[in-house]
Amino acid sequence: MTRLLFLALVGLTVSACAHAPPALSRPSGDSGFTAEPMPEPPGMDVAAPRPFELQPGDVLSLGTISPAPLNVPRLVVDEAGLLHAPLVGAVPVAGLRMEEAQERIQERLRRYDRFGLVSLSVTEPAGHRVSVLGAVERPGAYVLGGGTTHVAELLALVGGLKVMTGDAEVAELADLEAARLLRGGTPLPISVVRALAGDARHNIPVAPGDLLFIPALQGASVRVLGEVKSARALPWRAGLRLSDALTRAGGMTVDADSADIRVVRGPLSKPKLYQASFADVVAGRAPDVELARGDIVFVTRHWFATMADVLQRLTPLLAVGAAAVTVMELNAAPISQ
């Protein structure tokens, strides 16, 4: 970590020999900044609605119309897919439609009651579970009710994406673009972002056993340091602008030089330093800079006249942040015996 900070200081000091270039309005305009490409899933053909099929865990009610009727209110399809019913024994029903399971039990029952008619109904579709894990409000396993549940409806069922509230702001903590729907352990070629937009090729019906995983924005942050009222790390999101970051950091102090804001981009071992003028943004003379994942926004003071002054002030702040990360990593590491 010390070496990284030293390299960062060296890299920034070399850059100090020349005036920092103006911050680009979009990260994509920086040839030195390349975002990790996210493959675009093609989606899936719109399929006909799937019929209800029995699954392990489903609870059924069995009855017969007969001179000697049977009435069994709770029969559970076991993990092997078998339904254990009186007289007929273990009947494999997993994967069968209701009418198919009813006919199979009827056939078995004829050995004991030639004229009995079987009536089978679902008491609890407990085997029709889907799981939602990750950065959502209520992760867990959910039983699919009657009808068809699509991806967007499932996300609404769990309360939506996890958010962080505070200081009169709301920030999403989910990396929705990296979300995946897994079926049988294999990710399906759909985009959850496009599913929420109503694209039928992506907003597909979910099936029992599906797993929707929405990862958190781990490490996806923008740090705002220097002359702001509340220096902090903010969750990064696509389209985050300089004005947004400054506002969420409480705004600038009275000592801030709004015409001299620095943006540090890239790895600490080889950073790039840009200059932005928030005064020009407010006056409409410059575009509001779009920040990239991992950017550091440093607001200077009026009397920081030279680049060397900026570097001298910024480097200790970076060291404090790096030390905090190291402490968290050490605390999270397993203890060796």
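Because only heavy atoms are used, hydrogens play no part in the values below, and waters and symmetry mates are left out as well, while side chains stay in. Numbers for residues simply follow the sequence, beginning at 1. These numbers come from a predicted model, not from an experiment.
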### Message
Nearest 0.5 Å, please: how far is CZ in Arg265 from CZ in Arg293?
### Response
13.0 Å

### Query
Do the side chain of Thr300 and the main chain of Asp260 share a donor and acceptor less than 3.5 angstrom apart?
yes

### Task
Kindly indicate whether the side chain of Arg237, heavy atoms from C-beta on, has any atom under 4.5 Å from the side chain of Asp244.
yes

### Message
For a quick test of reading the model, state the closest non-hydrogen atom pair linking Ala195 to His202 and the distance between them.
### Response
CB-O, 3.5 Å

### Query
At their closest point, which heavy atom of Arg108 faces which heavy atom of Pro92, and how far apart are they?
NH2-CD, 4.0 Å

#### Entry: For Ala207 against Arg183, the heavy-atom pair lying closest together
N-NH2, 3.6 Å

### Query
Are Val297 and Tyr274 connected, step by step, through hydrophobic side chains (Ile, Leu, Val, Met, Phe, Trp, Tyr) whose heavy atoms are closer than 4.5 Å?
yes

### Query
Are any of the side-chain nitrogens in Glu100 or Arg97 under 4.0 Å away from the carboxylate oxygens of its partner?
yes

### Message
Is there a path of hydrophobic side-chain contacts, each under 4.5 Å between heavy atoms, that joins Val72 and Ile105?
### Response
yes

### Summary
Result for side-chain contact (heavy atoms from CB on, under 4.5 Å) between Ile204 and one of Asp199, Thr148, Leu181 points to Leu181

### Query
Applying the 4.5 Å side-chain criterion to the ILVMFWY set and letting contacts propagate, would Val59 and Met98 be lumped into a single cluster?
no

### Query
Roughly how far apart are Arg138 CZ and Lys162 NZ, rounded to 0.5 Å?
10.5 Å

### Task
First locate atom OG1 of Thr123, then atom CG of Leu75, and finally report the distance between them rounded to the nearest 0.5 Å.
8.5 Å

### Query
Met252 versus Ile261: any side-chain heavy-atom pair under 4.5 Å?
yes

### Query
Taking Arg129 for the side chain and Leu144 for the main chain, is one N or O donor matched with an acceptor at less than 3.5 Å?
no

### Task
Say whether Arg241 and Ser243, considering side chains only, have a donor N or O and an acceptor N or O under 3.5 Å apart.
no

### Message
Taking Leu70's backbone N and O only, do any of them form a donor-acceptor pair with Thr64's side chain (distance below 3.5 Å, no angle check)?
### Response
yes

### Query
For Val158, which of Val136, Ile214, Leu133 qualifies under side-chain contact (heavy atoms from CB on, under 4.5 Å)?
Val136

### Task
For residues Leu109 and Leu87, determine if any side-chain heavy atom of one lies less than 4.5 Å from a side-chain heavy atom of the other.
yes

### Query
In this structure, are over 12 heavy atoms from other groups packed under 6.0 Å from Glu137 atom CD?
yes

#### Entry: Heavy-atom check, side chain of Val206 versus side chain of Val151, under 4.5 Å
yes

### Query
Just how far is it from atom CG of Asn203 to atom CZ of Arg194, taken to the nearest 0.5 Å?
12.0 Å

### Task
Over all heavy atoms of both residues, which pair between Ala126 and Gly57 is shortest? Give the atoms and the distance, please.
CB-O, 3.3 Å

#### Entry: Side chain to side chain, Ile190 and Pro41, heavy atoms closer than 4.5 Å
no

### Val222 side chain near Leu240 side chain, heavy-atom distance below 4.5 Å
yes

### Note: Arg301-Glu227 ion pair, threshold 4.0 Å (strictly below)
yes

### Heavy-atom side-chain proximity of Val192 to Leu212 below 4.5 angstrom
yes

### Message
Working to the nearest 0.5 angstrom, can you tell me the gap between Asp295 CG and Leu234 CG?
### Response
11.5 Å

### Query
Can you name the closest pair of heavy atoms from Ala259 and Ser277 and give their distance?
CA-OG, 3.5 Å

#### Entry: Atom pair CG (Leu196) and CG (Leu176), whose distance is rounded to the nearest 0.5 Å
5.5 Å

### Task
Please report the C-alpha distance between Phe298 and Val264 in whole Å, then the side-chain angles of each, then the deciding distance to 0.1 Å, and finally whether the side-chain contact (heavy atoms from CB on, under 4.5 Å) criterion is met.
CA-CA 8 Å; Phe298 177 62; Val264 181; 5.6 Å; no

### Query
Which atoms form the tightest heavy-atom contact between Gln55 and Gly127, and what is the distance?
CB-O, 3.7 Å

### Transitive ILVMFWY side-chain link Val122 to Leu120, under 4.5 Å
yes

### Message
side-chain contact (heavy atoms from CB on, under 4.5 Å), that's the test. Do Arg232 and Arg223 meet it? Break it down for me.
### Response
CA-CA 6 Å; Arg232 62 180 57 195; Arg223 284 179 284 177; over 6 Å; no

Show which side-chain atoms of residues 112-119 pair as donor or acceptor with protein atoms under 3.5 Å away, not counting sequence neighbours.
from: Asp113; atom 1: OD1; to: Phe115; atom 2: N; distance (Å): 3.3
from: Asp113; atom 1: OD1; to: Gly116; atom 2: N; distance (Å): 3.1
from: Asp113; atom 1: OD2; to: Ser66; atom 2: OG; distance (Å): 2.4

### Any residue meeting ring pair (Phe, Tyr, Trp, His ring centres under 6.0 Å) with Phe52, in chain and number order, not counting sequence neighbours
His128

### Path from Met44 to Phe213 over hydrophobic side-chain contacts below 4.5 Å
no

### Query
Do Asp58 and Val76 touch side chain to side chain, with heavy atoms closer than 4.5 Å?
no

